[in-house]
Structure formats: structure tokens, C-alpha cells
Amino acid sequence: MQHDNLNEWLNKRMTPKARPDLAERIIFTALHAGQEKPHAVWSAIWKDVMSMVVIPHPSVVVATGIILGVVIGMQTGEGLSMLEQDWSSFLDVNEGGWL
Amino acid sequence: MAVLASVDDNDESLMRLIRSGSHQAFSILVRRHTDKFFGAAFRMTGSASEAEDLVQDAFLKIWQKPDIWKEDKGAKFTTWFYRILVNQNIDRLRKRQKMVSDNSMLPYVADSAAGPEMETAMNEEQRRIENAMAVLPERQRTAITLCFYEGLSNAEAADTMGVKLKALESLLMRAKTGLREYMNHNMNPLQGERYATR
């Protein structure tokens with residue numbers, strides 16, 4: 001005997017009803033079980049401590065490196081040109097004095 | 001000032017209130033969904049008493065650890081709760097297996113055998129269907145429960161079970177093959193053999 005009407009057969013499956021007091025029992029048990037409160041202060045401290053030891057993502061390192069490089073480069077740019085000026089004047093002086 | 005929960009609140013709003021410690025919101029949620037989830041749990045376990053335990057454990061879990069509800073993931077509460085039920089069921093089976101392996105004197109009880117309370121109430125056809133479901137491996141039974149009985153889409157069921165869509169489709173196909181074979185062998189009273197495709 002072939003049974004291709006599997007869905008029809010499965011649809012005949014009955015499910016018993018839950019006992020009428022099941023929901024109330026769950027609610028009552030929960031009342032006495034209490035609730036886990038998140039430890040906000042401890043979790044914040046823990047997060048800070050972890051952030052000190054966590055190795056940053058490579059892309060963050062590269063981006064930070066580029067930004068720092070540009071900032072330092074811009075700051076020292078003026079200094080370099082001043083150095084250049086000093087150097088050239090030094091050469092000028094020496095050229096004038098020795099040659 | 002504490003926000004009062006109302007029966008008109010949707011599930012997601014109630015979960016938000018539960019996170020802030022509202023037992024009233026929890027009560028509304030439990031009363032609203034216990035029957036529905038009991039049905040799903042029964043189909044997964046095949047036993048009314050185990051289904052009750054499963055539903056109770058799952059609801060207590062969301063009460064005690066409401067932070068496991070991640071609203072930003074956009075899942076519907078009911079779909080998300082199926083995942084809790086499925087995971088609780090897996091834990092239950094693992095504990096049972098451990099108990100059996102720890103104590104070889106314990107007789108092995110099929111994890112999905114219908115309880116005695118059901119046995120008396122079931123007619124012959126119901127018994128056949130329950131037996132057919134009971135011989136399916138746990139994951140196949142869960143896949144059939146979620147997709148066929150609970151009406152979840154394949155994608156939702158795959159997400160609930162934590163498997164890829166293809167894997168879920170394969171589980172469904174194997175379950176149907178197993179059920180068909182069971183039907184073809186057991187509808188003939190001369191052939192009482194039970195088997196399923198693993």
C-alpha cells in the first residue's frame with residue numbers, strides 16, 4: 001500500500017492540550033526564581049580592563065598610523081623648511097668663507 | 001516610575017519590560033504563548049510531561065537571563081523562542097544520554113516515546129503517527145515540527161536550528177523519506193517493522 005499523501009497523514013496528528021495550570025505554575029516558579037541583574041559597574045570595569053589588553057584590528061592600526069604620520073608630518077613640515085633655510089645659509093656662509 | 005505592562009503590548013515590548021524586571025510583563029507573555037509552545041514542545045519530545053518541562057525551562061531562561069533577547073537583530077519573539085526551545089531540547093537529550101552512559105543499569109528509554117498519559121488516549125492511527133515521528137532522528141523531527149506544524153519558513157527554521165538552508169532542506173527530505181517508508185511498512189499489519197532514514 002503506497003502512501004503519497006504524507007501531509008494529509010501528518011495533519012491527523014493530534015496534540016494534547018497543556019494542563020490549564022501550566023502557565024500559572026511557570027509564572028509562580030519565576031517569581032521565586034528571581035532575575036539575574038546585569039552587573040553594570042563590574043561589566044564596565046571589566047570592559048575597560050579588556051580594552052587595555054585587546055590587540056587592535058590591523059586596519060585600525062594602519063589607519064591610526066597614517067593619521068599620525070600626516071599630523072606629525074604637517075607639524076614637522078615647517079621645521080624642515082626652517083632647517084633647510086638654516087642649512088642653506090650655513091652653506092652660503094661657508095662657501096663665502098672658505099672658497 | 002515603573003512602566004506597567006498591558007495585554008495589548010506586543011511580544012517585543014513585553015520582552016523590553018521583562019529586561020527591566022517586570023514580572024507582570026512576563027506573566028502576560030507566558031499566558032499568551034504557553035499553549036502554542038507546549039504544542040511545539042510536544043511534537044519535538046512526544047511526551048506531554050517532557051513538553052511541560054521544556055516549556056517551563058525555556059520561559060524561566062528568558063526570565064532569569066532576559067539579556068539573551070537581542071532586539072536589534074530584528075527577529076520576531078516567537079521565532080526566537082523556538083530557538084530557545086530547540087536548544088533546551090538538545091540540552092535535555094544530552095543530559096539524558098550522559099545519565100544513561102553514566103549508569104549502565106538504567107534502562108534506555110526512547111527519548112520521544114509517548115508518555116503513559118497519551119498512550120491511553122491515542123487511537124491506533126495516532127499511535128502509528130507518534131511511532132513514526134518517534135523513530136525519526138531528533139534533528140529531522142525538529143525540522144518537520146518547525147516547518148510543517150509550526151509553519152516557519154525554511155529560512156526561519158534553518159536559523160532557529162542554527163544550520164544552513166541546504167542542510168535544513170536535506171533534513172526535511174530525509175525526514176519525509178523516512179516517514180513514507182515507515183508508513184508503507186507499517187500500514188500493512190503483517191509488517192510491523194519500524195525504520196527511518198538516518
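Residue numbers start from 1 in every chain, and the chains themselves are labelled A, B, ... in the order their sequence lines are given, proteins ahead of strands.
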Q.
Looking at every non-hydrogen atom in both residues, tell me the closest pair between A/I27 and B/H23 and how far apart they are.
A. O-NE2, 3.1 Å
Q) Can you name the closest pair of heavy atoms from A/I26 and B/L60 and give their distance? A) O-CD2, 4.1 Å
Q | Smallest separation among heavy atoms of B/G39 and A/T15, with atom names | A | CA-CG2, 3.6 Å
(Q) More than 12 heavy atoms of other residues, nucleotides or ligands under 6.0 Å from CZ of B/R32: yes or no? (A) yes
Q) Among A/A30, A/A33, A/A23, who wins on heavy-atom pairs under 4.5 Å with chain B? A) A/A30
(Q) In the structure I gave you, are the side-chain heavy atoms of B/F26 and A/L31 within less than 4.5 Å of one another anywhere? (A) no
Q. Honestly curious: do B/L165 and B/L172 fall in one hydrophobic cluster under the side-chain, below-4.5 Å linking rule?
A. no
Q. Looking at CZ of A/R25 and OG1 of B/T34, how far apart are the two atoms once the value is rounded to the nearest 0.5 Å?
A. 10.0 Å
Q: Check the hydrophobic clustering (I, L, V, M, F, W, Y; side-chain heavy atoms under 4.5 Å; chains of links allowed) and say if B/I68 and B/V86 are grouped together.
A: yes
Q: Return the minimal non-hydrogen interatomic distance between A/M14 and B/E130, and the atom names on each side.
A: O-OE2, 4.0 Å
**Q.** Euclidean distance, A/N5 CG relative to B/R180 CZ, rounded to 0.5 Å
**A.** 9.0 Å
Q) Is any side-chain heavy atom of B/Y149 closer than 4.5 Å to a side-chain heavy atom of A/L10? A) yes
Q) Do the side chains of B/V7 and B/F37 join up, straight or via other hydrophobic residues, at under 4.5 Å, putting them in one cluster? A) yes
Q: List the atom of B/F38, the atom of A/K17, and the distance in Å for their closest heavy-atom pair.
A: CE2-C, 3.7 Å
Q.
So for atom NZ, which belongs to A/K12, do other residues, nucleotides or ligands contribute more than 12 heavy atoms lying within a distance under 6.0 Å?
A. yes
Q. Roughly how far, to the nearest 0.5 Å, is the CD atom of B/Q56 from the OG1 atom of A/T29?
A. 4.5 Å
Q. So which part of B/L29 gets closer than 4.5 Å to some heavy atom of chain A, the side chain, the backbone, both or neither?
A. neither
